[in-house]
Amino acid sequence: MAQHYWLVKQEPSDYAWSAFEKDGRAAWTGVRNYAARLHLRAMAVGDRVAYYHSNEGKEVVGVAQVVRTAYPDPTADEGDWSAVDLAPLHPLKASVPLTVIKADKVLKDMALVKQSRLSVMPVTPAQWERLMELGKVG
DNA sequence: GCCAACGTTGGC
DNA sequence: GCCAACGTTGGC
């Protein structure tokens, strides 16, 4: 089974990477968007997930992995929504700001740029490789 | 704080 | 089922 790559957005004032690292694991709940739900449901255990700080920072700061596949979101009062569990793997040695992503030949086509309101999105292997290169990982 | 983008809702 | 109005997100 091929590994897939994803990116999730989070406002640092809401749940920053540092808090995520401290917790060691988090239920990714509260997603109320059909496109994002589709992506959550496509996640497999072990998939890599880039962690992006929206609004404040506007940069990719770390790498997480999926530790539990989609299950009914316990925070949803009504409707058919999904959550997954994520665990932090490591921070990027150099965070990758949106300005750099927009200026990069490979990364400028990311959903992050094209669909600015989507909170969970796939990342192509080429984009992932470039992101890790810029993040000084590996 | 403003505003553009865009997803969702509701009237017809 | 279409489309205008509305609400939310998120960059600037």
Side-chain angles (χ1 to χ4, degrees):
Chain A
M1 180 166 47
Q3 184 177 51
H4 287 95
Y5 303 102
W6 310 94
L7 182 146
V8 295
K9 275 199 266 195
Q10 188 61 54
E11 294 191 33
S13 60
D14 209 40
Y15 194 60
W17 169 262
S18 55
F20 181 40
E21 267 197 327
K22 198 177 162 197
D23 291 346
R25 180 178 177 129
W28 215 253
T29 59
V31 170
R32 300 290 183 270
N33 170 284
Y34 293 110
R37 185 183 75 178
L38 195 70
H39 298 317
L40 284 179
R41 290 178 177 178
M43 289 182 180
V45 169
D47 280 359
R48 295 297 189 257
V49 182
Y51 200 101
Y52 176 79
H53 277 169
S54 64
N55 281 317
E56 297 165 54
K58 293 185 278 280
E59 56 189 8
V60 178
V61 293
V63 176
Q65 68 174 329
V66 177
V67 291
R68 184 181 174 190
T69 53
Y71 56 94
D73 186 342
T75 70
D77 293 333
E78 55 180 28
D80 176 26
W81 298 107
S82 294
V84 297
D85 286 358
L86 302 179
L89 275 178
H90 55 77
L92 296 186
K93 288 195 184 103
S95 57
V96 182
L98 184 62
T99 49
V100 169
I101 289 171
K102 281 185 166 176
D104 187 84
K105 202 175 175 183
V106 177
L107 299 180
K108 68 175 171 55
D109 291 325
M110 286 180 76
L112 181 68
V113 178
K114 301 199 144 186
Q115 285 171 262
S116 63
R117 295 187 55 192
L118 191 61
S119 61
V120 182
M121 65 196 77
V123 174
T124 69
Q127 290 165 349
W128 185 268
E129 200 174 313
R130 182 68 179 134
L131 197 57
M132 292 304 113
E133 190 182 331
L134 291 170
K136 306 274 197 289
V137 173

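Naming convention: chains lettered A, B, ... in sequence-line order (proteins, then strands); numbering from 1 in each chain. Note that the structure is a prediction, hence the values are computed from the model and not measured.
- When the P atom of dG10(C) is taken as reference, atom CD of E11(A) falls 6 Å away, rounded to whole Å.
- Counting all heavy atoms, side chain and backbone alike, V113(A) lies closest to L107(A) at CG2-O, 4.2 Å.
- Atom-to-atom, CG of N33(A) to P of dT9(B) comes out at 11 Å; the value is rounded to the nearest Å.
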**Asked** Can V120(A) and M43(A) be said to form a side chain to side chain contact (heavy atoms under 4.5 Å, CB included), step by step?
**Response** CA-CA 11 Å; V120(A) 182; M43(A) 289 182 180; 3.6 Å; yes
Would you tabulate the nitrogen or oxygen pairs shorter than 3.5 Å linking the protein to nucleotides 2-8 of chain C?
from	atom 1	to	atom 2	distance (Å)
dG7(C)	N2	R117(A)	NH1	2.9
dT8(C)	O2	R117(A)	NH1	3.4
dT8(C)	O2	R117(A)	NH2	3.0

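- Close to dG10(C), at under 4.0 Å from its OP1 or OP2, lies a side-chain N or O of K9(A).
- Distance NZ (K58(A)) to P (dC12(C)): 7 Å, rounded to an integer number of Å.
- Remark: C1' of dG11(C) and NZ of K108(A) are 19 Å apart, rounded to the nearest angstrom.
- Ring geometry for W17(A) against F20(A) counts as perpendicular: the plane angle is over 60°, on a 0 to 90° scale with 30° as the lower cut.
- Within the 4.0 Å cut-off from OP1 or OP2 of dG11(C), not a single side-chain nitrogen or oxygen of K114(A) is found.
- Looking at R32(A) and D73(A), a side-chain N of the basic residue comes within less than 4.0 Å of a carboxylate O on the acidic one, giving a salt bridge.
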**Prompt:** Given the rule in the side chain to side chain contact (heavy atoms under 4.5 Å, CB included) test, do L112(A) and K9(A) qualify, once you have shown the distances and angles that lead to the verdict?
**Reply:** CA-CA 9 Å; L112(A) 181 68; K9(A) 275 199 266 195; 4.1 Å; yes
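- One atom, CG of L112(A), and another, P of dG10(C), lie 10 Å apart when rounded to the nearest Å.
- Computed from coordinates, the H53(A) NE2 to dT9(C) P distance equals 17 Å when rounded to whole Å.
- Relative ring orientation between W128(A) and Y5(A) is described as parallel, the plane-to-plane angle staying below 30° on a 0-90° scale split at 30° and 60°.
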